[in-house]
Amino acid sequence: MSNINNLLERRKKLLGPASLFYDEPLHLVKGEGVWVWDNDGKKYLDVYNNVPHVGHCDPTVVDAICNQLKKINIHTRYLHETILAYGERLIATLDKSLSRVFFVNSGSEANELAMRIVRKNTGGEGFIASNWAYHGNTKAVFDLATGFRDGKPGSKYVKGVALPDMYRLPDGVNENNVAEIYAAKIKDAINEFEAEGIKFAGMIFCSTFATEGILRMPDGFMGKALQYVRDAGGLYISDEVQGAFGRLGKMWGHQQYNIIPDIIITGKPMGNGHPIASVITKEKFADTFQEDGRYFNTFGGNPVSCAAGMAVLDVMEKEKLIENVNEVGAYIQMRLQNLLEKYDCIGDVRGSGLFFGLEMVKSKISKEHDGELTHKLINAMAKNGVLIRSTGPKKSVLKMRPPIIFSKDNADFLLDTLDKTLSGLIR
Ligand SMILES: Cc1ncc(COP(=O)(O)O)c(C=O)c1O
């Protein structure tokens, strides 16, 4: 039996039917920078992993983790300089009002805690999410996962609202009225909660609108949406698991919308693979939440995790990585526009910074989603040594978000391979 078949069989017995990436699953054994290697020594350009943010096995991060681990690892009920220095460094990059940090271990846990803070501060229970969302795996958070249930929420305390798809605006909707029309849907959802006797609590969106298909929100939409939420006494959680730490070209995802959320939550890239996540909120919301008792988390914010987080910020600063995101991101957008012009099956170019997508369609005229071609393409790309994936309700949007050390040379390799692979598939 081949090594892959052996692993597949053991995995199925042990982990059950949990899904795997790619039709021919990969057995990766080594990573360095933007590259990963499989067990046969084949090298792949990693254009999908937003967790090894500053590169796989970055030496600064690895050293920081090892050095702290050699000294002590304790929890946040003891005083520790690194925990405080890291938290202070994080909030220094945010609006002054966002000054309280809770450290946790995963994006799910962060959203769960954020929802508890919102409930306690508003007395409400009803949450608005998008109608193709994913925010994690605990019970409360998975109820928000409309993307796993064909757009439907998991409980009566959640409403999934439609977001604008600027590539396919319905008749009568245009750039000028789209923000108001879609923000009004949020107001409608708040009114529905009221009619059902459920007190409205708040709204949560992913700052990249990634599972929704990497959607671009029209100017003014987020501001109007937040106004309706706040007028109704609700709070806004910006889920920045995907959009923070420079990914979209600014330190924080919400900064592209000129809004200040009540709570932001972070995860994935924060420790470059070491599990650390956070909830950052305003002092008054944190204080009210803690009236019922102190919040404690055994592993969240331990010095080793904070040392990893600190090292990520060090590398980002030293290597000017947000500038790199903007420079290489603009170059990629330009080359993606060329592909858009070349191929009838590419309908739209999406994204910002180093988070970008291509909407694959049956034709530019029909704009019909082509999830089948997308599926073939991501598998063929993996065979050709480039790792990307898909997203969106019809899995028809190519999703690309490499480590933010991605260079123009890496971009050329990605885009040349994409061009070659696509032309081979549609021949
Ligand atoms: C937007 C968003 N929020 C939350 C989560 C959950 O994070 P975790 O898997 O760390 O619990 C994810 C994970 O993919 C996510 O994409």
Side-chain angles (χ1 to χ4, degrees), residues 15 18-21 48-53 102-118 127-149 153-154 158 160-161 163 202-215 217 222 236-248 252-254 256-257 261 263-281 297 299-301 305 308-309 312 350-357 387-393 395 397 399-402:
L15 306 182
S19 70
L20 276 161
F21 283 176
Y48 189 70
N49 270 297
N50 57 348
V51 174
H53 196 52
F102 295 85
F103 287 114
V104 295
N105 306 287
S106 69
S108 302
E109 212 186 331
N111 276 326
E112 173 82 31
L113 175 58
M115 289 175 79
R116 284 181 60 195
I117 294 172
V118 172
F127 280 88
I128 292 174
S130 94
N131 67 359
W132 213 267
Y134 179 70
H135 295 286
N137 58 28
T138 68
K139 159 73 179 124
V141 166
F142 196 65
D143 282 351
L144 303 166
T146 49
F148 276 67
R149 299 185 193 87
V158 175
V161 292
L163 292 171
M203 181 171 81
I204 177 166
F205 285 149
C206 159
S207 61
T208 58
F209 299 96
T211 47
E212 292 84 353
I214 319 178
L215 296 179
M217 290 305 112
M222 289 298 289
Y236 176 59
I237 304 168
S238 180
D239 179 336
E240 307 244 358
V241 159
Q242 305 245 9
F245 298 97
R247 168 64 56 191
L248 306 177
W252 300 98
H254 67 268
Q256 65 182 330
Y257 308 116
I263 301 179
I264 68 170
I265 75 103
T266 67
K268 288 184 194 284
M270 203 171 171
N272 215 48
H274 187 88
I276 175 165
S278 74
V279 177
I280 306 177
T281 188
N297 192 312
F299 298 119
S305 301
V312 169
R350 306 257 167 91
S352 57
L354 279 178
F355 198 131
F356 38 95
L387 303 183
I388 58 173
R389 296 271 305 159
S390 64
T391 188
K395 292 266 174 267
V397 181
K399 181 175 172 191
M400 296 173 275
R401 26 154 231 205

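Numbering of ligands and ligand atoms starts at 1, following listing order. It should be emphasised that the depicted structure is a prediction, and the values quoted were computed from it without experimental measurement.
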Would you kindly say whether Gln242 and Thr208 are connected by a side-chain donor-acceptor distance under 3.5 Å? no
Has ligand 1 got any nitrogen or oxygen that is less than 3.5 angstrom from a nitrogen or oxygen of Gly107? yes
For the residue pair Tyr48 and Phe21, categorise the inter-ring angle as parallel (less than 30°), tilted (30 to 60°) or perpendicular (more than 60°). perpendicular
Nearest heavy atom to atom 6 (C) of ligand 1: which of Gly147, Ser106, Ser108 does it belong to? Ser108
If we only consider heavy atoms of Glu109, is any one of them less than 4.0 Å away from an atom in ligand 1? no
Do you see a donor-acceptor pair shorter than 3.5 Å between the side chains of Ser207 and His254? no
Judging by distance only, is a nitrogen or oxygen of Asn137 under 3.5 angstrom from one on ligand 1? no
May I ask you to check whether Ser278 and Thr266 show a side-chain donor-acceptor distance below 3.5 Å? yes
Of the protein's non-hydrogen atoms, which lies at the shortest distance from atom 3 (N) of ligand 1, and what is that distance? Asp239 OD2, 2.6 Å
So Trp132 and Leu215, side chain to side chain contact (heavy atoms under 4.5 Å, CB included) or not? Walk me through it. CA-CA 11 Å; Trp132 213 267; Leu215 296 179; over 6 Å; no
What is the ring orientation for Phe148 with Phe142, classed by angle as parallel under 30°, tilted 30 to 60°, or perpendicular over 60°? perpendicular
For ligand 1, the portion of Thr211 having any non-hydrogen atom under 4.0 Å away: neither
Tell me: protein heavy atom nearest atom 15 (C) of ligand 1, and distance? Val241 CG1, 3.7 Å
